[in-house]
**Student:** 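Sending over a structure as structure tokens; questions will come in a sec.
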Amino acid sequence: TFVNGQETLAQETLEQGASIVYNGETPSKEATAEFTYTFAGWSLTEGGEVVDLTKQTMKANTTYYAVFSDTSVWDGTIPTLASSATVDSLFTKDSSGYYLIESATDLAELSALSNGKNFGSGLKFKLMINIDLSASNWLPICDNDRSIGNWNSTYYGFSGTFEGNSKTITYGTSTYTSTALQVGLF
């Protein structure tokens, strides 16, 4: 049996030892304002790890559950942070000392916190979710405050650790265009 949420997609009776094959349409999950979803595969438990169907054989009545990877979608809002904002007040810290980036909003807060300064010395950040920044222009982390027209010759940098954790950041455009400057996530 193959299940997507509450919907049964396929159900067959197979002989013991037969190969498991799903021939139906690729399962989907409706996007929300904050997340998009991509089908990742099938799991033996709801919300569990994806299994390789090519290595599965019929042993007993088995249900396979659709698994989706989620992507946090940035709405383009650059947060206005309180002057007292710090990494400790904005982010969860794990037992290894990494500050966790758990949403597109978290990444935007990191950008806002680091804007106009050298930032990150001794700090470690870890990406915990796929993020899509393509909906709007992105203000790079450690930007040199060009957002308010301060085109000066001082350039700032991020000197901390940014662990991608096998996650992706989809990046569309940047707030700034210039032949003299290259801008991106940082």
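Computed from a prediction, not measured in an experiment: that's the story for all the values here.
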**Student:** Excluding sequence neighbours, so at least two apart, what forms side chain to side chain contact (heavy atoms under 4.5 Å, CB included) with Glu15?
**Tutor:**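 Once residues adjacent in sequence are excluded, Glu15 has no partner under the side chain to side chain contact (heavy atoms under 4.5 Å, CB included) criterion.
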**Student:** What pair of heavy atoms forms the shortest contact from Ala85 to Leu81, and how long is it?
**Tutor:**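 Closest pair (atom of Ala85, atom of Leu81, distance): CB-CB, 3.9 Å.
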**Student:** Checking side chain to side chain contact (heavy atoms under 4.5 Å, CB included) for the pair Leu110/Ile101: CA distance, chi angles, key distance, verdict?
**Tutor:** CA-CA 9 Å; Leu110 176 58; Ile101 305 295; 4.3 Å; yes
**Student:** Linking Ile, Leu, Val, Met, Phe, Trp and Tyr by side-chain heavy atoms under 4.5 Å, what else ends up with Val50?
**Tutor:**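 Val67, all in the cluster of Val50.
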**Student:** Restricting to side chain to side chain donor-acceptor pair (under 3.5 Å), what partner residues turn up for Asn61, sequence neighbours left out?
**Tutor:**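 With sequence neighbours excluded, Asn61 shows a side chain to side chain donor-acceptor pair (under 3.5 Å) to no residue whatsoever.
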**Student:** Between Asn4 and Phe68, does the side chain to side chain contact (heavy atoms under 4.5 Å, CB included) criterion hold? Intermediate values first, please.
**Tutor:** CA-CA 10 Å; Asn4 182 14; Phe68 297 89; 3.3 Å; yes
**Student:** Looking only at heavy atoms, what is the nearest atom pair of Ser103 and Ile129, with distance?
**Tutor:**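 What the structure gives for the nearest pair is N-CG2, 3.9 Å.
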**Student:** Which heavy atom of Ser72 sits nearest to which heavy atom of Ala104, and what is that distance?
**Tutor:**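 Shortest heavy-atom contact: OG-N, 2.8 Å.
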**Student:** Quick one: list whatever passes side chain to side chain contact (heavy atoms under 4.5 Å, CB included) with Thr86, sequence neighbours left out.
**Tutor:**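 If we apply the side chain to side chain contact (heavy atoms under 4.5 Å, CB included) test to Thr86, skipping adjacent residues, the hits are Asp88, Ser89.
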**Student:** Do you know which two heavy atoms are closest between Thr45 and Tyr65, and how far apart they sit?
**Tutor:**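 Nearest heavy atoms, Thr45 then Tyr65: C-CD1, 3.5 Å.
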**Student:** With a 4.5 Å cut-off on side-chain heavy-atom distances among I, L, V, M, F, W and Y, is there a chain of contacts connecting Phe119 to Phe91?
**Tutor:**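 Yes, Phe119 connects to Phe91 through the hydrophobic network.
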**Student:** Could you pull out all donor-acceptor pairs under 3.5 Å where a side-chain atom in residues 19-33 meets a protein atom, sequence neighbours excluded?
**Tutor:**
residue : atom : partner : partner atom : Å
Tyr22   : OH   : Glu25   : O            : 2.9
Thr32   : OG1  : Glu34   : N            : 3.3
Thr32   : OG1  : Phe35   : N            : 3.0

**Student:** Taking Glu12 for its side chain and Leu14 for its backbone only, find out whether a donor-acceptor pair lies under 3.5 Å.
**Tutor:**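 Checked: no pair found.
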**Student:** Can you get from Val3 to Leu9 by hopping between Ile, Leu, Val, Met, Phe, Trp and Tyr side chains that sit under 4.5 Å apart?
**Tutor:**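 Each belongs to a different hydrophobic cluster.
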**Student:** Got a sec, which residues hit side chain to side chain donor-acceptor pair (under 3.5 Å) with Thr168, two or more places apart in sequence or on another chain?
**Tutor:**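 Result, side chain to side chain donor-acceptor pair (under 3.5 Å) vs Thr168: Asn130.
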**Student:** Considering non-hydrogen atoms only, spot the tightest contact between Pro79 and Ala112 and give its length.
**Tutor:**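 Smallest heavy-atom distance, with atoms named: O-CB, 3.6 Å.
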**Student:** Honestly curious: do Tyr37 and Ile131 fall in one hydrophobic cluster under the side-chain, below-4.5 Å linking rule?
**Tutor:**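 Both belong to a single hydrophobic cluster.
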**Student:** Taking Leu123 as the starting point, is it possible to reach Met128 by hopping between hydrophobic residues whose side chains are less than 4.5 Å apart?
**Tutor:**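 Different clusters.
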**Student:** Given 3.5 Å as the limit, does a donor-acceptor pair link the side chain of Lys124 with the main chain of Ser96, or not?
**Tutor:**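 Checking the backbone N and O of Ser96 against the side chain of Lys124, a donor-acceptor pair under 3.5 Å is found.
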**Student:** Counting distance only, does the side-chain N/O of Asn165 pair as donor-acceptor with the main-chain N or O of Lys167 below 3.5 Å?
**Tutor:**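 Pair absent, no side-chain N/O of Asn165 close to backbone of Lys167.
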**Student:** Go through the structure and list residues passing side chain to side chain contact (heavy atoms under 4.5 Å, CB included) with Thr92, not counting sequence neighbours.
**Tutor:**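 In terms of side chain to side chain contact (heavy atoms under 4.5 Å, CB included), with neighbours along the sequence ignored, Thr92 is linked to Leu100, Glu102.
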**Student:** Mind jotting down which residue pairs meet the ring pair (Phe, Tyr, Trp, His ring centres under 6.0 Å) criterion with at least one end in residues 43-64? Sequence neighbours excluded, please.
**Tutor:**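 For residues 43-64, and leaving out neighbouring residues, the ring pair (Phe, Tyr, Trp, His ring centres under 6.0 Å) pairs sorted by first residue read Phe2-Tyr64.
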**Student:** Taking Thr63's backbone N and O only, do any of them form a donor-acceptor pair with Thr1's side chain (distance below 3.5 Å, no angle check)?
**Tutor:**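 Answer holds: no.
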**Student:** Is the backbone of Ser121 close enough, under 3.5 Å, to the side chain of Ser159 for a donor and an acceptor to pair up by distance?
**Tutor:**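 Between the backbone of Ser121 and the side chain of Ser159 there is a qualifying donor-acceptor contact (under 3.5 Å).
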**Student:** Restricting to ring-ring contact (aromatic ring centres under 6.0 Å, His included), what partner residues turn up for Tyr99, sequence neighbours left out?
**Tutor:**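 In terms of ring-ring contact (aromatic ring centres under 6.0 Å, His included), with neighbours along the sequence ignored, Tyr99 is linked to Phe125.
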**Student:** Which heavy-atom pair separates Tyr98 from Glu163 by the least distance, and what is that distance?
**Tutor:**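 Heavy atoms of Tyr98 and Glu163 come nearest at CE2-CB, 3.8 Å.
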**Student:** Tell me if a side-chain donor or acceptor on Lys117 pairs with a main-chain N or O of Leu113 at a distance below 3.5 Å.
**Tutor:**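 Such a contact is found between Lys117 side chain and Leu113 backbone.
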**Student:** According to a 4.5 Å side-chain heavy-atom criterion applied to Ile, Leu, Val, Met, Phe, Trp and Tyr, with indirect links allowed, do Leu107 and Val73 form part of one hydrophobic cluster?
**Tutor:**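 The answer is no; the residues belong to distinct hydrophobic clusters.
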**Student:** Output all residues satisfying side chain to side chain donor-acceptor pair (under 3.5 Å) with Asp106, sequence neighbours left out; order by chain, then residue number.
**Tutor:**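 With sequence neighbours excluded, Asp106 shows a side chain to side chain donor-acceptor pair (under 3.5 Å) to no residue whatsoever.
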**Student:** Kindly write out the residues that satisfy side chain to side chain donor-acceptor pair (under 3.5 Å) with Asp75, not counting sequence neighbours, or none if the list is empty.
**Tutor:**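 Asp75: side chain to side chain donor-acceptor pair (under 3.5 Å) contacts with Thr77.
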